[in-house]
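What follows is a set of notes on a single structure, which appears directly below.
Labels below follow one simple rule: chain letters A, B, ... track the order of the sequence lines, proteins then strands, and each chain is numbered from 1.
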There are 2 protein chains.
Amino acid sequence: MALGKDYDYAAQECSIARALEIVGERWTLLVVRDALYGVRRYNDFLVHLKIPRAVLAARLQSLTEAGVLEKRRYQESPPRDEYVPTELGRALWPALRALGLWGRAFNPDARPMRTFHHAECGTELGSYGECPQCGRTVDPADVEMRPGPGLGPAEDAVSRALRAPRRLLEPLELQPR
Amino acid sequence: MALGKDYDYAAQECSIARALEIVGERWTLLVVRDALYGVRRYNDFLVHLKIPRAVLAARLQSLTEAGVLEKRRYQESPPRDEYVPTELGRALWPALRALGLWGRAFNPDARPMRTFHHAECGTELGSYGECPQCGRTVDPADVEMRPGPGLGPAEDAVSRALRAPRRLLEPLELQPR
DNA sequence: TTCATGGGTTCAGTGAATGAACCCGATCTG
DNA sequence: CAGATCGGGTTCATTCACTGAACCCATGAA
């Protein structure tokens with residue numbers, strides 16, 4: 001959200017404002033969304049989001065510093081890191097779910113892009129990420145994402161990989177390791 | 001979120017991105033939050049948010065154009081308008097609630113600024129705005145907001161008025177009409 | 001040797017946010 | 001009646017962040 005260097009809406013005595021200090025900047029929530037979808041690598045974020053490289057580097061760094069993502073080395077030579085949602089990052093799922101539902105409500109004629117189901121029973125999630133069948137909150141790791149009828153043709157490898165039904169948080173496997 | 005004039009994350013086939021096109025800019029969600037809290041007038045937003053006047057005018061206009069707020073004349077001479085959340089605006093409540101909870105989770109040592117209760121039974125709302133007692137989603141109009149222990153001294157008249165327990169959406173009455 | 005890949009940093013240009021100043025019509029105060 | 005005040009803005013220069021392109025570097029492959 002393009003906060004200035006003086007975060008003066010920290011002055012707002014409101015936890016919504018606190019949240020926006022961390023995830024309110026442009027691109028930030030989309031990076032977190034992708035991370036929950038299973039994207040972990042710099043280059044995958046890059047091609048999927050079509051985000052400027054400098055901005056991606058800045059967002060990954062600030063999200064890591066905030067404890068929303070964890071930077072983790074997965075090979076030594078050459079050194080390569082991946083970014084994985086922490087507990088705090090996974091806790092953003094309900095907010096993202098609610099925002100996504102609102103976005104769908106915004107243009108009600110559009111067909112849903114993706115649907116989210118409780119993996120254990122297949123029921124589509126309710127308004128806030130809960131399972132109406134089981135009546136309880138569903139951890140993102142137990143959410144299955146399925147492509148919806150509103151999706152157009154996939155442009156890049158990441159979009160293509162995100163077309164298969166898959167669990168949230170499950171890492172993308174584009175290249176054989 | 002400081003979108004450029006070319007909204008290229010419209011290209012993102014995702015309703016989260018669609019939502020962020022509308023409410024992703026800096027200040028926008030805070031304006032909607034205040035509107036749900038009952039703030040309706042230009043000047044009240046101004047003193048409560050400490051937002052630059054030009055930005056406020058821009059946000060109120062774009063939110064009105066998007067159908068999130070409705071601009072409504074409440075007196076003719078001099079002409080005065082107020083901004084009231086529409087159905088679409090009220091539908092943002094779950095997302096704001098989820099964000100606020102996350103913001104509170106972010107610094108767990110802090111005392112809550114405000115708590116939100118189902119007005120009919122007094123139960124504090126669950127993680128997503130539902131009432132755990134009644135087991136159903138609570139419309140924002142049925143939510144009672146109460147000041148929490150984390151609130152500091154009120155700086156301005158709006159903050160002071162928002163200190164009393166009150167229903168969401170109930171218009172602020174600062175000046176006698 | 002040369003190229004390709006992953007993961008960045010640097011840089012100039014642009015567009016948005018900021019805060020102060022100004023404007024205007026209408027009402028209140030003396 | 002004059003002057004101040006208020007609600008609701010607009011204008012403007014400055015600052016700041018976003019953008020996209022170019023560059024860098026280490027490693028591994030052809």
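Nearest to the side-chain atoms of A/A57 among the listed nucleotides C/dG7, C/dA17, C/dT9 stands C/dT9. Closest to the A/Y74 side chain, of the nucleotides D/dC18, C/dA17, C/dG6, is C/dG6. In this structure, of C/dT10, C/dG8, D/dG28, it is C/dT10 that holds the atom nearest to the side chain of A/A54. Each of C/dA17, D/dT19, C/dG7 was ranked by its minimum atom distance to the side chain of A/P52; first place goes to D/dT19. The side chain of B/R80 lies closest to D/dC6, out of D/dC6, D/dC18, D/dT10.
In this structure, the CD atom of A/Q75 is 16 Å from the P atom of D/dA26, given to the nearest Å. What separates CG of A/L56 from C1' of D/dA17 is a distance of 16 Å, to the nearest Å. The nearest whole Å value for the distance from the CG atom in A/L30 to the P atom in D/dC18 is 13 Å. Between the P atom of D/dG9 and the CZ atom of B/R59 lies a distance of 15 Å, rounded to the nearest Å. Taking atom CG on B/L60 and atom P on D/dG8, their separation rounds to 10 Å, with Å as the unit. Computed from coordinates, the B/L69 CG to D/dG8 P distance equals 14 Å when rounded to whole Å. Between A/E82 atom CD and C/dG7 atom P the separation is 9 Å, expressed in whole Å. The separation between B/R73 atom CZ and C/dA26 atom C1' is 14 Å, rounded to whole Å.
At the phosphate of C/dT18, OP1 or OP2 sits under 4.0 Å from a side-chain N or O atom of B/W27. B/N43 has no side-chain polar atom (N or O) that falls below the 4.0 Å cut-off from OP1 or OP2 of D/dG8. Regarding contacts with the backbone of C/dG8, a side-chain N or O of A/Y83 is found under 4.0 angstrom from either OP1 or OP2. In this model, the phosphate group of D/dT10 is not approached by any side-chain N or O of B/Y42 to a distance below 4.0 Å at OP1 or OP2. The side chain of B/R53 contributes no N or O atom lying less than 4.0 Å from OP1 or OP2 of C/dA17.
Of the inter-residue distances, the one linking B/R166 atom CZ with B/R114 atom CZ reads 10.0 Å to the nearest 0.5 angstrom. Rounded to the nearest 0.5 Å, atoms CG (A/D81) and OH (A/Y42) are 12.5 Å apart. In this structure, the separation between CD1 on A/I22 and CD on A/E65 is 10.5 Å, given to the nearest 0.5 Å.
Under a 3.5 Å cut-off, the side chain of A/R59 and the backbone N or O of A/R26 do form a donor-acceptor pair.
Between B/F45 and the choices B/L30, B/V39, B/V158, the side chain to side chain contact (heavy atoms under 4.5 Å, CB included) rule is met once, by B/V39.
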